[in-house]
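Right, one structure below, let's go through it.
Quick caveat: nothing in here was measured; it's all calculated off a predicted structure.
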Protein chains: 2
Amino acid sequence: MPVTIKDVARLAGVSPATVSLVLSNKGQVSEDTKRRVLEAVQKLGYRPNVLAQNLVKGRTNTVLLCAFIREDRKLSTFYGELINSLLTAISLSGYYLQMVVKGEFFNGHPLDKREALLEIAKNRLFEGLVLLSHWPVQYAEVSDLVREKFPFVVVNQRVEGEGISYVDIDHYGGAKKAVEYLVHQGHVRIAHIRGPREHRHAEERYRAYLDALVEHGIPVRREYILEGDFRRLSGRRAMEELLAVRPLPTAVFCANDKMAIGALQVAKERGIRVHEDLTIFGFDGIEAVKYTDPPIPTVEQPLGELGKMAAEILVKQIQGGEGKRVILGCNLLLWDGFLVKGDGKGEKTQEGGRLR
Amino acid sequence: MPVTIKDVARLAGVSPATVSLVLSNKGQVSEDTKRRVLEAVQKLGYRPNVLAQNLVKGRTNTVLLCAFIREDRKLSTFYGELINSLLTAISLSGYYLQMVVKGEFFNGHPLDKREALLEIAKNRLFEGLVLLSHWPVQYAEVSDLVREKFPFVVVNQRVEGEGISYVDIDHYGGAKKAVEYLVHQGHVRIAHIRGPREHRHAEERYRAYLDALVEHGIPVRREYILEGDFRRLSGRRAMEELLAVRPLPTAVFCANDKMAIGALQVAKERGIRVHEDLTIFGFDGIEAVKYTDPPIPTVEQPLGELGKMAAEILVKQIQGGEGKRVILGCNLLLWDGFLVKGDGKGEKTQEGGRLR
DNA sequence: GTTTCAAGCTAAAACGTTTTAAGGAGTTTT
DNA sequence: AAAACTCCTTAAAACGTTTTAGCTTGAAAC
């Protein structure tokens with residue numbers, strides 16, 4: 001039923017080969033023949049079957065974004081911007097993007113990630129793979145891809161080992177910047193609401209907190225370190241605990257913005273003048289911190305950069321180039337009334353909340 | 001270089017046809033042969049070339065999400081949740097999702113949407129299309145798809161005409177709910193910060209505002225109607241203007257949350273006790289309204305439902321069923337201290353900001 | 001009047017599968 | 001012993017392209 005190249009050839013009185021040549025502007029075809037072919041194409045409304053083209057060319061111009069995410073989390077919440085920039089950058093390079101989300105389980109069994117990835121590499125549908133994972137990626141899970149020389153890049157995780165490209169964010173550096181900023185502001189009693197222990201990023205931010213204090217000769221106090229689960233409510237609970245500690249801290253560095261928001265709410269309920277008596281600092285750069293009252297200074301994750309860089313690294317590999325490992329630095333996102341006293345690099349002040 | 005079905009056949013000492021039969025569990029094959037084939041598959045690490053499978057089967061199990069969005073807007077900002085639910089629902093139905101974003105222009109010329117869509121329908125790469133557009137969709141732009149009987153569904157816009165499926169949100173109904181809620185709360189002097197005139201959704205929300213007032217016998221006052229551009233800053237400006245009007249309104253219904261946030265900021269700066277002296281109401285249900293102080297009640301767009309429904313409608317068409325048109329209702333998102341006095345249906349109170 | 005050359009076109013193979021009709025080898029029925 | 005049936009297997013066509021080597025044809029060169 002659909003019109004094929006043969007139909008066009010017949011109508012134009014030429015062979016399919018000629019039609020193909022005309023359409024791809026190859027070989028030498030007389031002007032007259034060209035015209036006849038083009039007319040036939042027009043009249044029949046012919047479009048090449050891309051499937052067939054792909055098969056014979058062995059290329060699909062398509063890459064896959066494979067996201068391994070816990071079933072209860074949404075891809076959008078955090079990675080919307082990442083996807084956005086990835087899509088843009090990939091398109092600009094002439095590739096298409098297909099997406100698939102996989103959870104921890106498949107048919108009730110733990111998902112065999114290795115198997116799933118190998119499948120992707122071998123089914124010839126994709127020319128490259130962007131691997132996004134909420135939890136750490138093991139070398140063994142991707143070693144097949146390396147062996148097959150299949151172009152891929154891991155995003156938001158680091159995987160050491162021969163032949164693996166990744167692009168990740170410098171959580172340690174970002175957190176350190178934040179704490180050092182607080183130190184330079186004159187804070188000495190700095191508390192930390194950390195994220196879950198099993199979370200690598202939480203761990204890095206926590207290490208940075210410790211290191212920053214130690215390096216500045218500030219004693220680490222056990223009572224100033226609370227643990228949350230990255231959700232707002234746990235930030236509330238932690239802050240409530242913290243407010244029972246004496247002497248009170250003058251600043252709290254929270255491992256993410258959601259918990260910082262919870263902490264802010266509690267502090268305000270207790271009548272504390274936030275940022276005057278107690279500074280609250282977040283991490284992530286989600287939209288909402290701009291509109292709390294007062295806005296919450298935070299460490300901004302360069303999610304847009306992340307996607308762009310991932311695309312760049314992947315495309316380079318597809319086109320035969322070398323892979324690459326990149327760690328992206330974070331900027332501090334500060335607000336009116338926060339003087340930048342850090343190294344002066346990286347910080348930026350955005351338009352945004354100007355409450356009070 | 002890649003191992004094909006022929007390699008497997010040779011190693012197993014059978015014909016390619018037999019290998020295919022074994023792998024797809026069709027026809028009758030002796031246990032012994034099955035075992036030999038499976039062993040060969042295993043040993044060679046063979047995976048079928050899906051491209052070839054697709055070509056011969058004429059199916060790809062893939063649908064395309066085509067988003068027409070202004071270049072300066074991000075897909076993620078608003079549609080993250082939509083994409084998320086669409087992806088989930090589509091996967092559950094056994095299809096893959098590919099995404100492409102197109103702007104208003106292509107190669108410097110206005111994009112020929114009709115042409116772009118026809119291309120998609122005919123290149124045989126996709127079995128269906130989800131069409132997401134920021135601006136209205138014309139019948140003529142999709143009539144080719146209808147003629148080709150290509151399964152598609154328009155999301156977030158309504159297109160009347162034979163054979164067109166869409167799923168849209170009831171902006172009029174949502175806005176009306178909001179204004180009626182305010183009326184039932186006893187408000188009479190209700191202002192409206194509307195969205196841009198050329199924006200269909202803004203227009204609908206505006207109409208609902210007018211109708212709600214009229215139906216409740218409340219005079220419409222010209223000075224109470226301001227126009228913004230959906231951005232926060234325009235909400236600020238509008239509120240500043242509004243505060244010069246006498247008598248002051250006791251409530252402001254904003255056409256979206258961003259402007260509501262701007263309005264809230266100004267009101268607070270002027271020392272107005274928001275929600276006591278002046279109620280501010282938003283529209284959209286973005287995350288940030290939960291964390292402003294006070295939180296802003298709003299009309300929640302069922303973006304998740306939107307994606308799910310789109311998937312459902314599309315898949316049904318692909319599988320030979322009929323298309324469908326659906327308008328999804330909105331719920332009010334209210335906060336502590338807001339008593340629900342509406343019709344009691346649809347409203348829901350979410351966990352969230354509890355400031356003050 | 002051959003030979004040479006270029007221009008224009010095409011036949012056929014290739015890409016890697018699936019599917020179908022038919023073939024061969026036993027086994028059972030008549 | 002022929003006929004009928006079952007099982008198992010496969011040859012070959014089909015899917016719709018691209019690509020390459022080679023074939024015509026006519027003109028230019030000798």
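Contacts between chain A and DNA chain D, taken as any atom within less than 4.0 angstrom of a protein heavy atom, begin and end at D:dG16 to D:dT19.
Here salt bridge (Lys or Arg N to Asp or Glu O under 4.0 Å) pairs that include residues 126-143 of chain A, with residues two or more places apart or in two chains, are A:Arg59-A:Glu127, A:Lys113-A:Glu141. Under the side-chain hydrogen bond (donor to acceptor under 3.5 Å, both in side chains) criterion, the residue pairs touching residues 307-328 of chain A are A:Glu160-A:Arg325, A:Ser165-A:Gln317, with sequence neighbours excluded.
For B:Asn54, there are no side-chain hydrogen bond (donor to acceptor under 3.5 Å, both in side chains) partners two or more places apart in sequence or in a different chain. Residues that satisfy the side-chain contact (heavy atoms from CB on, under 4.5 Å) test with B:Ala310, not counting sequence neighbours, are B:Leu86, B:Val153, B:Val155, B:Val167. Partners of A:Asn49 by side-chain hydrogen bond (donor to acceptor under 3.5 Å, both in side chains), not counting sequence neighbours: none found. With sequence neighbours left out, B:Arg158 forms a side-chain hydrogen bond (donor to acceptor under 3.5 Å, both in side chains) with B:Asp168. B:Ser85 is linked by a side-chain hydrogen bond (donor to acceptor under 3.5 Å, both in side chains) to nothing, counting only residues two or more places apart in sequence or in another chain.
A heavy-atom distance below 4.0 Å to DNA chain C is reached by these residues of residues 26-47 of chain A, ordered by number: A:Gln28, A:Val29, A:Ser30, A:Thr33. Of the residues in residues 3-19 of chain B, those with a non-hydrogen atom less than 4.0 angstrom from any atom of DNA chain D are B:Val14, B:Ser15, B:Ala17, B:Thr18.
The 5' end of DNA chain D is approached more closely, in terms of each residue's nearest nucleotide, by B:Leu55 than by the other of A:Gln53 and B:Leu55. When each of B:Val56 and B:Leu21 is assigned the nucleotide of DNA chain D with its nearest heavy atom, B:Leu21 is the one assigned upstream, toward the 5' end.
Side-chain contact between B:Leu97 and B:Ser91 is absent, with no heavy-atom pair separated by less than 4.5 Å. Residues B:Phe68 and B:Val100 have side chains not in contact (no heavy-atom distance under 4.5 Å, counting atoms from C-beta outward). Inter-residue side-chain proximity for B:Ile318 and B:Tyr95 is flagged as met; some heavy-atom pair is nearer than 4.5 Å. A 4.5 Å side-chain heavy-atom check between A:Cys66 and A:Leu132 finds every atom pair outside the cut-off.
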Only pairs under 3.5 Å count here: list side-chain donor-acceptor contacts from residues 28-35 of chain A, not counting sequence neighbours, and write none if there are none.
from, atom 1, to, atom 2, distance (Å)
A:Ser30, OG, A:Thr33, N, 3.2
A:Ser30, OG, A:Thr33, OG1, 2.7
A:Asp32, OD1, A:Arg35, NH2, 2.6
A:Asp32, OD2, A:Arg36, NH1, 3.0
A:Arg35, NH1, A:Glu39, OE2, 3.1

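Of the listed residues (A:Asp112, A:Asp144, A:Leu129), just one forms a side-chain contact (heavy atoms from CB on, under 4.5 Å) with A:Leu117, and that residue is A:Leu129.
Residue B:Leu51 is out of contact with every strand shown, counting any heavy-atom pair closer than 4.0 Å.
Comparing the local axis fitted to the first five base pairs of the helix from C:dG1-D:dC30 to C:dT30-D:dA1 with the one fitted to its last five gives a bend of 70°, rounded to 10°.
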